[in-house]
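Take a look at the structure below.
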Amino acid sequence: MTRYITRRLLLTIPVLLLVSMVVFTLIALIPGDPALVFAGGEADPEAIEALRRHLGLDRPLVVRYAIWLGHVLRGDLGKSVRDGRPVREVLLLKLPVTVELAVLSLVVSWAIAVPAGVLAAWKRRSVLDYAATTVALAGISIPNFWLGIMLIYLLAVNLRWLPPSGYVEPWIDPARNLQMMVMPATVLGTALAALVMRLLRSSMLEVLGTEYIRTAQAKGLRDRVVLVRHALKNAMIPVATVMGLQLGGLLGGAVITETIFAVPGIGRLAVESILTRDYPMVQGVVLFSAVAIVFVNFAVDVSYSFLDPRIRLVEERR
Amino acid sequence: MAAGESTLALPTRTPRSEAVGLRYVLHRYARNRLALAGLWVVGLVVGAALLAPVVAPADPAKPDFTNLLQSPSRAHLLGTDDLGRDILSRVIYGARTSLLAGCVSVGLAVLVGLPLGLVSGYYRGPLDNFLMRLTDALLSFPFLVLALAIAAVLGTGLVKAMIAIGIVFTPGFIRLARGQVLSERERTYVEAARALGARDGRILWRHILPNTLSPVLVQASLAMAAAITAEATLSFLGLGTQPPTPSWGSMLNIAQAYLGRAPWLALWPGLAIFLTVLSLNLVGDGLREVLDPRLR
């Protein structure tokens, strides 16, 4: 087992390195001289040259990358151009908000997707199945910013049931916090629900066709027991393995959802820093989200190998 | 040219492409009513985009300050916006922007991703290793976050947004093409072509490529749907299409400010995106059902 985890961990190193290279190159490619931007248009050439040396911009790209990576590995992601605050500090401040939104969205999506996926597979080719798959396709196709705007119009502007936007920390006012998170979590959860439902349906169909399900049915077990205790348990494995994909969807979706509902998380931070050209912050957010996904994928792979020992054995024999 | 090639004609059509003839594909596709409905709607959107100057009732960029925020009426079927512009005309012209964004960004991703994937899967070796790690890295970024970051680096505008979306889609096509090549290169028809003296280039171009096209076509239609949403999202955030060019995303951006007074501003462009994307997804699903041998 240790060998498998070590091997899998070693495989993430080149990916993480390439992720860091992509993020660094992306920002290094921005046209214009950062020293000129920092110094302002009025500064004299000597001052600009000094600033360029100070920022290390006179060195080759590879050297600059190595220095930057060294800082990143020590947890130093640079400082915001806007207000001079350390990027890491801001990220850590915004993280809990996005985590809360992501967890609530996961709850919403699984609450819709699991029953819908199981029923659609169980009643294959029935009206219920067609309805569930069509609604799922609609859920995937609906742009989440439009769904957000429409929900605000319906539930906040028209019916006045929910506040249109904003955020209150859960430890200050839990009820108000939940009230404010209903719409963002629903918007973010809908697309994910559709994705999970489709995946679960096909995975359930595969499992329902296996011998052990037939045996369970032949034993006279009730449908509910066969479905939940026998089929669902195994059908969930492929769904769990795409957690990385789901996290990617959530982080990407959070960008737009947090912007519409004024939720001060990492997604909104991404948009704000892009619009204000706060590149160290952009760099930090992009790097953080990619690294988070790489580690979630790693964790999923390792936990999967606990759940299904065949994977570990195959990998270890390589 | 190898000696054998002058006397023995190489099979230019491959086994699977013979089995899945165009008529067979069309017949099977037409049996799927939802996919057919999707195709109709896509056709309608393409038609509207192509014939926009003919079918749009007004100039989409011309303000009319005497008709600000008018609700839908006989004069303006879908109402007017904050500058008095006809929303129906803007939605029709917006189809041009969306379809252009979808076609160009996906086209770019296919043009770059397909050859890279083919070569990577066929030759394997260090290039393949490097490309796979690079695609692993690129696929680790949340799709929208990467597209936003690239758009931020490139700057605002439709062309730059299309390039950003194209870059984000490329790794997916590299992986898809490579996976196809890996299974195809071991098949007998490739061995036969090689035994007859065909060069690598010919084997890749004439034999393997046609067999990778079905999944690429399916993926491209689904990617088109995602690209249209991505362009709308970038424009919604102010990073894509710039005013006064009509785009469904930027129309929704404006609509946000008038949600209480003029909700129709948000309804129509959103509905246009939703229906177009849904139809493209239906087309993609329909194509997959017909073209993916595993589902047959």
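Fair warning: this is a prediction, and the values are worked out from it, not measured in the lab. Here is how names work: the chains are called A, B, and so on, in the same order as the sequence lines, proteins then strands, and each is numbered from 1.
- Residue F236(B) touches chain A through its side chain alone, counting heavy-atom pairs closer than 4.5 Å.
- Summarising the geometry, atom CD1 belonging to I149(A) is positioned 7.0 Å from atom CG belonging to L259(B); distances are rounded to the nearest 0.5 Å.
- Heavy-atom pairs under 4.5 Å with chain B were tallied for G252(A), P14(A), P164(A), S20(A); the largest tally goes to G252(A).
- Using a 4.5 Å cut-off between heavy atoms, V255(A) touches chain B through its side chain atoms alone.
- Interface residue V19(A): backbone and side-chain heavy atoms are both found under 4.5 Å from chain B.
- Using a 4.5 Å cut-off between heavy atoms, F145(A) contacts chain B through its side chain alone, with no backbone atom that close.
- Interface remark: S273(A) contributes no atoms to any contact with chain B (heavy atom separation under 4.5 Å).
- For a residue to count as touching a neighbouring chain, one of its non-hydrogen atoms must lie under 4.5 Å from one of that chain's; by this rule L280(B) does not touch chain A.
- The parts of L271(B) that come within reach of chain A are both its backbone and its side chain, each placing non-hydrogen atoms under 4.5 angstrom from that chain.
- Neither the backbone nor the side chain of I228(B) comes within contact range of chain A; no heavy atoms are under 4.5 Å apart.
- Of the listed residues V282(A), L26(A), V294(A), the one with more heavy-atom pairs under 4.5 angstrom with chain B than any other is L26(A).
- Heavy-atom pairs under 4.5 Å with chain A were tallied for A226(B), A225(B), A151(B), A266(B); the largest tally goes to A266(B).
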